[in-house]
Each structure stands twice: as structure tokens, then as C-alpha cells.
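The structure under discussion appears below in the form of C-alpha cells.
Just so it is clear, the model here is predicted, and its values are computed rather than measured. Hydrogens, waters and symmetry mates play no part in the numbers below; they use all other heavy atoms, side chains included.
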Amino acid sequence: MTKQERPAVNIDGILAQKALAGDEQAFEMLLKRYQTPLFSFIYHFLGDYDQACDILQQVFLQLYISLPKLRTGEPLKAWLFQVARNRCLDELRRKRAVHFSELEGNADEDELSPLDALPDGSPLPEELAEHHDLQRLLGEAIQTLPPRFRAVVLLRYLAQLSFAEIGQTLQMPEATAKTYFQRAKPLLRTALREYTGKVTATRA
Amino acid sequence: MREQRERAPQPATGEREGEEPQEEFDELDRLFIEHLPRLDPPPEVIQRILALARHSAPPLESNAEQQQPPIRQGKHNSDGAGRRTDG
């Protein structure tokens, strides 16, 4: 990258064009730009490390295949997360046989059905204050969210997308993305309270 | 990846230069923003992706018309890239 490239320049587009022209390093740079946020998103969406590796691979290969049709004037971020989210939903459908409507949001938005699917009795950390355990706690709380809320929350917290970008990524109005985010937060609070309560009870 | 921080939901005290107005971020937001782990994929996964791409047929401009543009508003079941092209 040259010094001429200011933040306003669409680095993704430049890299995509170079990759399309056969520049392997450009494709590798694209991977490096997005591997961590994408992998984090996928991992926290699925809660499965090995699956996250597989899905990440699929997403980046999809990117490679799609290079010829990329709109190089637009950032790739929303597209990459859109592909990742769709792959995650596919995986959830396969793995958990979750009903499509449940995943996509036609059901009552306040229901907490995925909570029931959580494995019960997974060992909880005794030292909740430790950072490692806090991270796990947060990840578990994310897993309690309905997938449609989970995607919004992860895109917001992890991928750092604006609500407009989240809407674009998830193909929903920006206002809906905001609404989902706000509805997810009480669920997260509840989940954290439940886990905290369990730990407290265990320790007592 | 640092540039992505530009749009990070900042904690309540965070600056919002050039940002759209956002709602305030509370303790819960801060907790997740600061502590939900960001994970790097295993290096071997990245190497595998690069190897697969290297050994795949190079993407051709002529394929472009056969697929939808990547960032296109569509229905839920689109694959982000429109139609699915892989397994």
C-alpha cells in the first residue's frame, strides 16, 4: 500500500482488483483485514470453534470466487458478514434443525427459544472475576439470543458495524437492526443474571 | 483491521467524530465491547484458504455476469453473493 491511500480510499476495492489480476498477496491482505472480525463473529454465532474454522474457509473461498463481480467501489465488510451470517444460519439449520422461521424472525421477537437449547450443567467458573471466565460468560450469554438478535449484537459489538451497515448486511431496515439490538440487551442482562445466580448458588 | 475501530460502538465516554448519532452505551455494552473475545483463526486455516485459492481456477471477469453483485439488497435467503456457488 502506498502513502497515497488515505482512509477515504477503498482499500478493499484496490485489493480486490489486484487479487483479480492474480496478485496473491492482495488476496492475502484481504484475508488479514477481515479474518479476526469474521472469525470472531462466526465463532460467537455458532459457539463451535471447529465449525467456525470451516465456515471462515467457506466465506473466504466465496470471496475468491466472487472477485470478478465485486463492486470495487464498495467496502467488502458488509458483504463478507452477510455471507458469514448466512453460512452460520445454514449450519444452525443443519445442526440443530432449528425451524427456518425461528431463525429468520417471523416468530414472536421476545421469545427465548435458543435458551432452551443451551447445554445444561456445563461447568461454570468458580472465579468469575477472572477475565477468561468473564469472556466465556459473555460468549454463553450471546448464545442464549435468538439467532436474528445474535447476528445484530455480534455485528455491533464485534464487527463494529453501524446500524445502517448492519441493516445492509442482514437485509433489514436500519430501524429494525436498532430494534433488534435494543430487544437483545434485556435478554443478555437476563442471561448474565442467570449465570451469575447459578455461580453464586454453586459457591454457597 | 484497526481501521474498523472507526465505527466501533464507543463506550459512553467515547468520541464520536464524524459518526452518526448513536444511543449511549451503557455498562452492558461496555462489558461486551471490551471483553467479548476477538479470536484469530488458526494460521493453518488461513494457509489452507490461500492454498485452495491458489490452486483454484483464477476468477475470471467473464464470470461476472453470471452472478449477482455482492452488496445487493435482496431477500434473506440470498447468500450475500447472491446465489451460492460453493458447497
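Heavy atoms closer than 4.5 Å to chain B are found nowhere in Phe41(A), neither backbone nor side chain.
Between Tyr64(A) and Ala53(B), the shortest heavy-atom contact is OH-O, 3.3 Å. The two residues Leu28(B) and Lys185(A) make their nearest non-hydrogen contact at CD2-O, 3.6 Å. The two atoms that bring Pro37(B) and Leu158(A) nearest to each other are O-CD2, 3.9 Å, heavy atoms only. Counting all heavy atoms, side chain and backbone alike, Leu56(A) lies closest to Pro41(B) at CD2-CB, 3.5 Å.
Top candidate by heavy-atom pairs under 4.5 Å with chain A, chosen from Glu44(B), Arg48(B), His35(B), is His35(B). Comparing Ile46(B), Leu36(B), Leu50(B) by how many heavy-atom pairs each has under 4.5 Å with chain A, the most go to Leu36(B).
Put simply, the side chain of Phe39(A) does not reach to within 4.5 Å of the side chain of Asp40(B), judged on heavy atoms. Using a 4.5 Å heavy-atom threshold, the side chains of Val45(B) and Phe60(A) count as separate. Between Tyr49(A) and Pro42(B) the shortest side-chain heavy-atom distance falls below 4.5 Å.
Rounding to the nearest 0.5 angstrom, the gap separating the CD1 atom in Ile33(B) from the CG atom in Leu138(A) is 11.5 Å. Summarising the geometry, atom CD belonging to Gln35(A) is positioned 8.0 Å from atom CD1 belonging to Ile49(B); distances are rounded to the nearest 0.5 Å. Distance check: Leu188(A) CG to Leu31(B) CG gives 9.5 Å after rounding to the nearest 0.5 Å. The OH atom of Tyr157(A) sits 11.0 Å away from the CZ atom of Arg38(B) when rounded to the nearest 0.5 Å. Rounded to the nearest 0.5 Å, atoms CD (Glu27(B)) and CZ (Arg189(A)) are 10.0 Å apart.
For the side-chain contact (heavy atoms from CB on, under 4.5 Å) with Phe32(B), the qualifying choice from Val153(A), Leu154(A), Ile142(A) is Ile142(A), the only one to do so.
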